[in-house]
Engineer: 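Sharing a structure below in structure tokens format, with a few things to ask.
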Amino acid sequence: MQHLSIFPILIPLLFGAIMLLPPISRDINSQRITSIVGTLFLLISSAALLYQINTEGVQLYALGGWQAPFGIALVADKISSLLVLLTAFLAFCVMLYAVAGQDKGGAYFHPLFMFQIMGINGAFLTGDIFNLFVFFEVLLIASYALLIHAGGKQKTQAALHYVILNLVGSSLFLFGLGILYGTLGTLNMADMAIKVGQLQGETATLAKTGALLLLVVFGLKAAMLPMHFWLPKTYASASAPVAALFAIMTKVGIYSIFRVYTVIFGDDAGELANIATPWLWPMALLTITIGTIGVFASPGIKTLSANLVIISSGSLLACAAINSEAATSAALYYMVHSTLASAGLFLLADVMSRQRGKAEDRFVRSRPFVQPRLLGFGFAISALALIGMPPLSGFVGKIMILQATQSSAQTMWVWPLILIGSLAALIAFSRAGTTLFWRHNGSVAAEAEPAKITEIMGIGLLLLASPILVVFGGDISEFTQQAAHHLHDIQASAYALLPGVAQ
């Protein structure tokens, strides 16, 4: 049990490596079984880690016995363990969908899938900002290859833009890390949080430059305006399992913003206290606005899903700008909801596209669905959840965000944009549903194929999460409140991880 903190990294690493070895690498069925078993083990170990953190408190795992701030440290607290469990559940559902046939579109899908999960979990668990960069690169390298899974000109073009932007982001990340290491002499997050308050004058100005460079990098990962433009085309062109897995990718950037600019550059950072807030406010509000415009302009269900991801990113960035325990708690709940609901819609959109013939997912008159009742029910659940209508989790998440506003100015800006975004989603889903399910002619397309049982299972589990988040909303919100309190308490998030340092 003392090694549970590293299991979410080791399990996908080992299973990914196993699937590169013969004879498993030559047999798609063996790879499918291995992936399902691996994601199931990951889900079980992540749930056990969350239970351990909830009962025993934060776990600091020093690799090789080298204690922080000199060694590589993993920090499993309530926020990181919650997001690791979210990633594991998402991976299991997406893999159930992929093994029905989507995984045959290109080579090495299963190992790459595992390596991306490893990078995502590592980013959530690391206690060192340099290793955050390392895990960013692991998940990005895997995502480059996954993005062109199943090939095609459109995928290649979107992948090229995605790769170039992220290479620029990686360069800026290194520049920022170099500046911060030069000014603070450490990249351990807890150690940085303690030392940053002592900076003054030119040294503080230099550290501020490095911190704002990191904000650009995290903003790129989180699809924060004006660095959002890569997301709609990238997500819409990716194969369904990849797009669904990518639903967690923007959350890695948002998590990094919460972790770095609350723990390191938060209220106790002296001259650098809350340096990100003046930048986050306009960017968050504009991100919601541009996402709302994109929702209205979406020509198909896949692009609509991608633009809804931008709206959810803007809403979460607004929580980071509010910078309070209530806002962080609301963001964690909404992050879980939006990730699972968005992933479910991406998978559902793929099934719809395969049953409409040449029209695919576009909002045009086409042939009827093979499974209209099943798809209609799934579409209704997805729509209600993502719009934020009661009684599903989107409503609870948005109410929590609205209640987290602390001043009349915050209320004046956040409330209208959140509500207008929901109205835009309502209009877009109404238009989409009318076109997809009612405007059809002729008979079922000859090439249309019904959803397979594992595809239905994957989508069903993701959609079932929304009502479950409501049924257990009290316990979950209490957990997120505790997680938010820990993040905003420098004694718990910094000094407790460096027992040799006196406060």
Engineer: Run the side chain to side chain donor-acceptor pair (under 3.5 Å) test against His228 and tell me which residues pass, sequence neighbours left out.
Structural biologist: none
Engineer: Assess whether atom OH of Tyr144 is packed by more than 12 heavy atoms of other residues, nucleotides or ligands within 6.0 Å.
Structural biologist: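 Enclosed.
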Engineer: Any luck finding a side-chain donor-acceptor pair between Asp350 and Tyr97 under 3.5 Å?
Structural biologist: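 Short answer, yes.
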Engineer: Is the distance between the ring centroids of Tyr255 and Phe218 under 6.0 Å?
Structural biologist: no
Engineer: Counting heavy atoms not belonging to Trp279, are there more than 12 under 6.0 Å from its CH2?
Structural biologist: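 Atom CH2 in Trp279 is not packed in, count stays at 12 or less.
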Engineer: Could you give me the CA-CA distance, side-chain angles and deciding distance for Met249 and Leu139, then say whether side-chain contact (heavy atoms from CB on, under 4.5 Å) is met?
Structural biologist: CA-CA 9 Å; Met249 292 279 278; Leu139 70 90; 3.5 Å; yes
Engineer: Is the ring pair Tyr162/Phe246 parallel, tilted or perpendicular, if the boundaries are 30 and 60 degrees?
Structural biologist: parallel
Engineer: Going by salt bridge (charged side-chain N to carboxylate O under 4.0 Å, His left out), name the pairs with one or both residues in residues 263-275, residues two or more places apart or in two chains.
Structural biologist: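 Pairs touching residues 263-275 that pass the test: none.
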Engineer: With sequence neighbours excluded, what pairs up with Tyr61 under the side chain to side chain donor-acceptor pair (under 3.5 Å) test?
Structural biologist: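 For Tyr61, the residues satisfying side chain to side chain donor-acceptor pair (under 3.5 Å) (neighbours in sequence not counted) are His3.
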Engineer: Between Ser35 and His110, is any side-chain donor less than 3.5 angstrom from a side-chain acceptor?
Structural biologist: yes
Engineer: Roughly how far, to the nearest 0.5 Å, is CD of Glu56 from OH of Tyr51?
Structural biologist: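 Answer for the OH-CD pair, Tyr51 versus Glu56, is 8.5 Å.
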Engineer: Would you confirm whether Trp230, through its side chain, and Met227, through its main-chain N or O, come within 3.5 Å as a donor-acceptor pair?
Structural biologist: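 Side chain of Trp230 to backbone of Met227, a donor-acceptor pair under 3.5 Å: yes, one is there.
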Engineer: If you measure from OG on Ser342 to CG on Leu386, what distance do you get to the nearest 0.5 Å?
Structural biologist: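 One gets 5.0 Å once the value is rounded to the nearest 0.5 Å.
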Engineer: Working to the nearest 0.5 angstrom, can you tell me the gap between Ile310 CD1 and Leu231 CG?
Structural biologist: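 Between atom CD1 of Ile310 and atom CG of Leu231 there are 5.0 Å.
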Engineer: So, does Ser45 use its side chain to make a donor-acceptor pair with the main chain of Phe41 at under 3.5 Å?
Structural biologist: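 The answer is yes, because a donor-acceptor pair under 3.5 Å joins these two groups.
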Engineer: Just by distance, do the side chain of Asp77 and the backbone of Ser80 share a donor-acceptor pair under 3.5 Å?
Structural biologist: yes
Engineer: Tell me, please, which residues at least two apart from Gln116 pass side chain to side chain donor-acceptor pair (under 3.5 Å).
Structural biologist: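 Scan of Gln116 (side chain to side chain donor-acceptor pair (under 3.5 Å), adjacent residues dropped) gives none.
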Engineer: Should we count CD1 of Ile72 as having more than 12 external heavy atoms under 6.0 Å?
Structural biologist: no
Engineer: When you compare the side chain of Leu332 with that of Phe479, does any pair of heavy atoms fall below 4.5 Å?
Structural biologist: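 Of all side-chain heavy-atom pairs linking Leu332 with Phe479, none is under 4.5 Å.
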Engineer: Under the side chain to side chain donor-acceptor pair (under 3.5 Å) test, which residues partner Lys208, sequence neighbours left out?
Structural biologist: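 Partners of Lys208 by the side chain to side chain donor-acceptor pair (under 3.5 Å) criterion come out as none, since no residue qualifies.
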Engineer: Between Thr328 and His488, is any side-chain donor less than 3.5 angstrom from a side-chain acceptor?
Structural biologist: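 A donor-acceptor contact under 3.5 Å links the two side chains.
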Engineer: Given Tyr235 and Lys302, is the side-chain contact (heavy atoms from CB on, under 4.5 Å) satisfied, shown in steps?
Structural biologist: CA-CA 8 Å; Tyr235 280 39; Lys302 293 179 182 177; over 6 Å; no
Engineer: Can you find a heavy atom in the side chain of Leu83 that is under 4.5 Å from one in the side chain of Met335?
Structural biologist: yes
Engineer: For Thr183 and Leu180, indicate whether the former's side chain and the latter's backbone hold a donor-acceptor pair under 3.5 Å.
Structural biologist: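 Side chain of Thr183 to backbone of Leu180, a donor-acceptor pair under 3.5 Å: yes, one is there.
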Engineer: Working to the nearest 0.5 angstrom, can you tell me the gap between Leu487 CG and Ser329 OG?
Structural biologist: 11.5 Å
Engineer: Supply the atom-to-atom distance Leu43 CG to Ile11 CD1, rounded to the nearest 0.5 angstrom.
Structural biologist: 10.0 Å
Engineer: To the closest 0.5 Å, what do you measure between CG (Leu214) and CD1 (Ile257)?
Structural biologist: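 Between Leu214 CG and Ile257 CD1, I get 10.5 Å after rounding to 0.5 Å.
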Engineer: List for me each residue that meets side-chain contact (heavy atoms from CB on, under 4.5 Å) alongside Thr186, sequence neighbours excluded, and say none if there are none.
Structural biologist: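 Scan of Thr186 (side-chain contact (heavy atoms from CB on, under 4.5 Å), adjacent residues dropped) gives Pro69, Leu184, Asn188, Asp191, Met192, Lys195.
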Engineer: Could you tell me if the side chain of Phe135 sits less than 4.5 Å from the side chain of Val252, heavy atoms only?
Structural biologist: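 Answer no - side chains too far apart.
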Engineer: Applying side-chain contact (heavy atoms from CB on, under 4.5 Å), run through Leu49 and Phe7 and close with a yes or a no.
Structural biologist: CA-CA 9 Å; Leu49 176 62; Phe7 277 20; over 6 Å; no
Engineer: Show, in sequence, the C-alpha distance, side-chain angles and deciding distance for Trp281 and Ile322, and conclude whether the side-chain contact (heavy atoms from CB on, under 4.5 Å) test is met.
Structural biologist: CA-CA 8 Å; Trp281 265 118; Ile322 294 172; 3.7 Å; yes
